[in-house]
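To keep things clear, I will list the structure first and then write my remarks on it.
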2 protein chains.
Amino acid sequence: MVEAPRNTRQRRAVVAILEDLDGFASAQEIHDILKKRGESVGLSTVYRSLQVLADAAEVDALRNDDGEVLYRQCSAGHHHHLVCRSCGRTVEIEGPSVERWADKIADENGFRDVAHTLEIFGTCASCAS
Amino acid sequence: MVEAPRNTRQRRAVVAILEDLDGFASAQEIHDILKKRGESVGLSTVYRSLQVLADAAEVDALRNDDGEVLYRQCSAGHHHHLVCRSCGRTVEIEGPSVERWADKIADENGFRDVAHTLEIFGTCASCAS
DNA sequence: ATTCTTGCAAACTATTTGCAGAACA
DNA sequence: TGTTCTGCAAATAGTTTGCAAGAAT
């Protein structure tokens with residue numbers, strides 16, 4: 001059987017940040033926030049914690065245009081995000097029709113084991129004003 | 001008025017590769033192919049050429065999960081891709097319904113200047129067998 | 001006591017940039 | 001001829017990893 005990860009101060013601190021945050025944040029941002037709060041955690045430990053969480057599907061990971069990986073605590077199950085490109089605030093969205101459409105397109109072209117990525121970006125109301 | 005880029009052997013070589021290729025390729029892959037063909041071009045030149053082409057919207061760029069940027073010569077206009085995760089072969093797809101759906105979702109949440117990314121991945125028929 | 005985790009520094013990967021010399025217009 | 005382009009090497013940015021010391025079970 002698989003061992004559960006140990007319950008360390010560092011791991012708890014990273015999870016706490018993710019719970020506080022509204023939107024996506026990079027590993028480096030999380031590391032900075034921890035430093036500011038005085039709950040310093042090594043950068044590599046932040047990376048490792050996020051990897052573990054992502055593997056366990058407890059956080060979602062996506063890559064921005066700069067090649068940074070952004071993490072966010074998310075509800076379970078397959079869904080997509082509407083992300084504010086200015087403040088990073090995110091809204092979880094579902095789109096059954098999109099899922100069906102993607103599967104159909106893939107099937108029509110003879111593709112198997114289909115997966116897809118979909119993110120919507122925009123400027124949210126409070127950032128636009 | 002904007003100057004056109006100069007017509008150099010290197011630039012032509014990169015474009016030629018993109019025309020030959022079926023699917024997406026990374027800058028490094030393109031660099032390797034050029035080396036194998038004996039038409040060696042410096043890696044930085046490959047990167048610079050691809051940047052210019054991408055800025056001119058003559059190629060599409062997308063990032064894979066490993067953080068590499070992949071390039072492909074594409075038809076103009078907004079569209080998406082169905083990509084084989086094994087051989088890289090791609091099919092351009094359109095989805096008016098998806099575009100509309102994305103815009104609607106964003107609007108409902110008060111987001112402006114909406115853009116979206118959508119890629120479908122799978123294993124194509126010939127790679128599955 | 002044993003095993004997992006941390007933190008630092010060094011390693012890696014993909015990409016970008018400074019600069020001197022070469023190539024185009 | 002005057003600029004732009006190229007290629008090399010060095011610099012960056014984000015992320016990963018080796019290893020000795022520290023913490024959790």
Side-chain angles (χ1 to χ4, degrees), chain A residues 1-18 21 23-56 58-72 88, chain B residues 1-18 21 23-56 58-72 83 88 119:
Chain A
M1 111 154 210
V2 185
E3 302 297 331
R6 282 183 182 174
N7 177 28
T8 64
R9 173 184 70 78
Q10 292 79 338
R11 191 103 67 199
R12 265 179 274 124
V14 170
V15 172
I17 298 294
L18 287 166
L21 285 178
F24 280 94
S26 68
Q28 318 243 12
E29 281 166 355
I30 292 170
H31 178 247
D32 287 348
I33 296 172
L34 284 166
K35 196 182 291 173
K36 276 185 201 130
R37 293 199 184 176
E39 277 215 280
S40 209
V41 173
L43 180 56
S44 7
T45 302
V46 174
Y47 275 107
R48 281 187 280 230
S49 302
L50 290 169
Q51 270 174 179
V52 170
L53 291 167
D55 286 350
E58 290 184 39
V59 299
D60 256 29
L62 71 87
R63 216 174 265 271
N64 71 10
D65 281 341
D66 292 341
E68 274 185 330
V69 181
L70 306 180
Y71 299 89
R72 183 180 190 243
Chain B
M1 118 149 207
V2 186
E3 304 297 331
R6 283 184 182 170
N7 177 26
T8 65
R9 173 184 70 79
Q10 291 82 337
R11 191 103 66 197
R12 264 179 275 123
V14 170
V15 172
I17 297 294
L18 288 166
L21 284 178
F24 280 94
S26 68
Q28 318 245 11
E29 281 167 354
I30 292 171
H31 177 246
D32 287 348
I33 295 172
L34 284 165
K35 195 182 292 174
K36 275 184 202 133
R37 292 200 185 174
E39 278 214 279
S40 208
V41 173
L43 179 57
S44 6
T45 301
V46 174
Y47 274 107
R48 280 187 281 231
S49 302
L50 290 169
Q51 271 175 22
V52 169
L53 291 167
D55 286 350
E58 290 183 41
V59 299
D60 256 28
L62 72 85
R63 214 175 265 274
N64 70 11
D65 281 342
D66 290 343
E68 273 185 331
V69 180
L70 305 180
Y71 299 88
R72 181 179 191 242
V83 185
E119 305 292 334

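Values below: every heavy atom of this structure, side chains too, minus hydrogens, waters and symmetry copies.
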Exercise. Can B/I33 and B/R37 be said to form a side-chain contact (heavy atoms from CB on, under 4.5 Å), step by step?
Worked result: CA-CA 6 Å; B/I33 295 172; B/R37 292 200 185 174; 4.0 Å; yes
Problem set entry | A/R9 and A/V41: CA distance, side-chain angles, deciding distance, side-chain contact (heavy atoms from CB on, under 4.5 Å) verdict | CA-CA 9 Å; A/R9 173 184 70 78; A/V41 173; 4.2 Å; yes
Exercise. How far apart are the C-alpha atoms of B/L21 and B/R72, what are their side-chain angles, what is the distance that settles it, and do they pass the side-chain contact (heavy atoms from CB on, under 4.5 Å) test?
Worked result: CA-CA 8 Å; B/L21 284 178; B/R72 181 179 191 242; over 6 Å; no
Exercise. Passes side-chain contact (heavy atoms from CB on, under 4.5 Å), A/L50 versus A/V69? Steps please.
Worked result: CA-CA 10 Å; A/L50 290 169; A/V69 181; over 6 Å; no
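Residues satisfying the ring-ring contact (aromatic ring centres under 6.0 Å, His included) test with B/F24, not counting sequence neighbours, are B/H81.
Regarding A/R6, its CZ atom lies at a distance of 7 Å from the C1' atom of C/dT5, rounded to whole Å. The CG atom of B/D65 sits 14 Å away from the P atom of C/dA14 (whole-angstrom rounding). If you take CG of A/L50 and C1' of C/dT5, they are 15 Å apart, rounded to a whole angstrom. Atom CZ in B/R63 sits roughly 17 Å away from atom P in C/dT13 (whole-Å rounding). Separating the CG atom of A/N64 from the P atom of C/dT15 is a distance of 14 Å, rounded to the nearest angstrom. Protein atom CD of A/Q51 is 12 Å distant from nucleotide atom C1' of D/dG14, rounded to whole Å. If you measure from atom CD1 of A/I30 to atom P of D/dT15, you get 10 Å, rounded to the nearest angstrom. Atom CD in A/E68 sits about 15 Å away from atom P in C/dT15, given to the nearest Å.
Applying the 4.0 Å criterion to OP1 and OP2 of D/dG7, one finds that B/Q10 has a side-chain N or O inside that range. OP1 or OP2 of D/dG14 has not a single side-chain nitrogen or oxygen of A/S26 nearer than 4.0 Å. Phosphate proximity of C/dA23 to B/R9: absent, as no side-chain N or O sits under 4.0 Å from OP1 or OP2.
Distance from the side chain of B/A27 is smallest for C/dT15 among the nucleotides D/dG7, C/dT15, D/dA24. With distances taken from any side-chain atom of A/Q28 to the nucleotides C/dT16, D/dG14, C/dT6, the minimum falls on D/dG14.
DNA chain D lies under 4.0 Å from at least one heavy atom of each of the following residues of residues 42-49 of chain A: A/L43, A/S44, A/Y47, A/R48.
Proximity of B/L70 to B/V83: side-chain heavy atoms (C-beta onward) are nowhere separated by under 4.5 Å.
Residue B/N7 is in sugar-phosphate contact alone, with no base atom involved, counting any heavy-atom pair closer than 4.0 Å across all strands shown.
Other residues, nucleotides and ligands contribute only 12 or fewer heavy atoms inside 6.0 Å of the CG atom of A/D65.
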